Amino acid sequence: MTTDPLLARLAALRAGDLPVRGGRTMAYVYDSGLDGLDDLANAAQAAFAGVNGLDMTAFPSVVELENDLVRRATALLGGGAGTFTSGGTESCLLAVLTARQHARRTRGVCDPELVLPETAHAAFHKAAELFGLRVVRVPVDPATFTVRPADMAAALTDRTALTVVSAPSYAHGVMDPVAEVAAEAARRGVLCHVDACIGGWYLGHLRAAVRAGHLAPDAPHIPAFDLSVPGVTSLSVDLHKYAYTPKGASLLLFRDAELRRHGWFAHASWPGYPVVNSTLQGTKPAGPLAAAWAVTERVGAEGYAALSTRVHRATRALADGVERIAGLRLLARPGASLLAVAAADPEVDVFVVADEVRGSGWYLQPQPAFGASPATLHLTVTAAVADEETVGLLLADLEKAVVRARAVGPARVDPALVAAAGALDPDTLGPQEVAAALALAGVGPDGRLPERMAPVLAVLQALPPRLSERLLPEVIGRLYQI
Ligand SMILES: *Cc1c(COP(=O)(O)O)cnc(C)c1O
């Protein structure tokens, strides 16, 4: 309860958001469920709110904190150097930038390529666009949704600056064959990045729990995925995911500091202060760094091993439970703590299931069909979901949601609309055509989205991706009209 009207206003705004605690929001947010951790993180964040990580000579505390965090991470995941970043996207961007500079400076590559499984995170496409690399897209095995080493190998050329694998992929939660791809990359003299943004902290500590015998007798097999694998040259691991730290915290680890230096920016050719930036930021908030340091110190290796064990058990229980629900199926057995749930028969539309289950207080993230992947619901399992009662509740609510979704029937898209949309050229659309297209998808002039998202998602899914990429910023742009 607050009497400050501004804080009251903030609280009122927050009430319209998805909850960030309690485990019912199964994407975007991570809840350890541990008592007192939020208070510690908030106090650490506040203590460093004014500190500027831009100049590490003026604020030596940030060097100390970052070194501690990197040391903790390299002990877990191998590697010889690292950089603290603002999040997974920035870690991925910097991995690509570092590789581009390395290829340019050490191999003379001036038209670099980025070899990506089609399941790679969108952040790598953003990196390619920002930093001028050509994306070479490699299809995944339609049965496992993991990339095949031979396909990745065939995509490598003299211009390849970086090849990427996911441990696991965000959309499907499965592990790419890290060791095989990394070995081939090394043979060709190409750098190999492991995107362990979501899986690194969780799997690293789960592996420790397995080694300590905590998961016997049915311990999971965790394939080698980190910087101890020959050929892996960099790895991204987010702290604001399974290290349960406040937002704005990720690490990019490197095999050594010699590779890391290629991604740094230094500038002495201006009349201002000498610049050395290890990330894309200039002025750099130290609050997330201090909070990440405090949270990881408090939870500790043992604490994370226990959290990973809980999450592993809950993921397995959820996976088994989903397979028993008529009308749903798992796209793949989870390689980590993520589930991708697809419809098992055409009368069940997972987008409608998402709308229905949201009515029971759960947010499951809809993922439109792409390539070999059907439409799915994404579930990130965090420690707050990891008790039997919550798992049971979710499965029961999901089962009921499927029954209701079957009664409602799938969201349908007018084939004439799809045909008309297919004829549009995204590059030449005028304001009127944009407005008409959005109205057909149910998006009003104020950008407000309808209560039920299934019809909008169905339209989005039916459009060519390039047209969606033209329309999506228009939708969001309307929200920001003043
Ligand atoms: C979350 C995630 C990212 C991007 O991280 P952000 O912190 O959301 O910027 C990249 N790759 C994978 C596999 C992820 O799960």
Side-chain angles (χ1 to χ4, degrees), residues 18 20 25-31 69 73 77 82-99 114 116-130 135 140 145-147 162-178 181 192-204 223 225-226 232 234-253 279-281 284-285 288-289 291-292 295 308 311 315 331-332 334-340 363 365 367 370 373 376-382:
L18 289 170
V20 302
T25 305
M26 301 199 71
Y28 308 119
V29 301
Y30 298 78
D31 183 2
L69 275 169
L77 299 168
T83 299
F84 181 87
T85 78
S86 66
T89 296
E90 191 179 30
S91 290
C92 297
L93 292 178
L94 282 172
V96 174
L97 180 64
T98 304
L114 177 61
L116 298 179
E118 68 181 3
T119 47
H121 196 278
F124 292 98
H125 293 272
K126 182 175 185 175
E129 188 160 316
L130 287 176
V135 170
V140 294
F145 296 96
T146 60
V147 81
L162 185 67
T163 179
V164 174
V165 277
S166 307
S169 60
Y170 182 82
H172 302 128
V174 293
M175 302 282 283
D176 280 327
V178 173
V181 173
C192 176
H193 178 80
V194 174
D195 180 5
C197 276
I198 201 158
W201 210 257
Y202 166 73
L203 288 172
F225 69 93
D226 63 17
V232 173
S234 59
L235 178 147
S236 46
V237 53
D238 292 348
L239 301 175
H240 62 203
K241 289 177 180 164
Y242 282 95
Y244 301 104
T245 77
K247 297 287 184 245
S250 173
L251 291 168
L252 175 58
L253 304 180
T279 68
L280 300 174
Q281 294 176 308
K284 186 154 67 169
L289 172 68
V295 166
S308 283
V311 167
T315 307
L331 205 65
S337 54
L338 315 175
L339 301 184
Y363 179 79
Q365 190 178 42
Q367 303 185 126
F370 180 80
S373 178
T376 53
L377 297 180
H378 171 103
L379 284 74
T380 295
V381 182
T382 73

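Quick note: residue numbers are just sequence positions, from 1. Every number for a ligand or one of its atoms is a count from 1 in the order of the listing. Remember, predicted model here, so these are calculated numbers, not experimental data.
Contacts between Ala123 and ligand 1, counted as non-hydrogen atom pairs separated by less than 4.0 Å, are absent for every part of the residue.
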Run the numbers on Glu90 and Ser250 for side-chain contact (heavy atoms from CB on, under 4.5 Å), then give the verdict. CA-CA 8 Å; Glu90 191 179 30; Ser250 173; over 6 Å; no

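Using a 3.5 Å distance cut-off with no hydrogens or angles, the side chains of His193 and Ser236 do pair a donor with an acceptor. With 3.5 Å as the limit, one finds no donor-acceptor pair spanning the side chains of Thr376 and His378. Residues Thr85 and Thr279 bring no donor and acceptor atom of their side chains to less than 3.5 Å of each other.
Atom numbering of ligand 1 starts at 1 in the shown order; those under 4.0 Å from a heavy atom of Asp238 are 1 (C), 5 (O), 7 (O). The atoms of ligand 1 that sit less than 4.0 Å from any heavy atom of Tyr170 are 15 (O).
Closest protein heavy atom to atom 14 (C) of ligand 1: Lys241 NZ, 3.0 Å. Of the protein's heavy atoms, Asp195 OD2, 3.2 Å lies nearest to atom 13 (C) of ligand 1. The protein atom (non-hydrogen) at minimum distance from atom 5 (O) of ligand 1 is Gly88 CA, 3.1 Å.
Separating the CG atom in Asp238 from the OG atom in Ser91 is a distance of 6.0 Å, to the nearest 0.5 Å. Interatomic distance, Ser337 OG to Tyr242 OH, rounded to the nearest 0.5 Å: 3.0 Å.
Between Thr89 and ligand 1, at least one N/O pair is under 3.5 Å apart.
Using a 4.0 Å cutoff on heavy atoms, Glu90 does not count as a contact of ligand 1.
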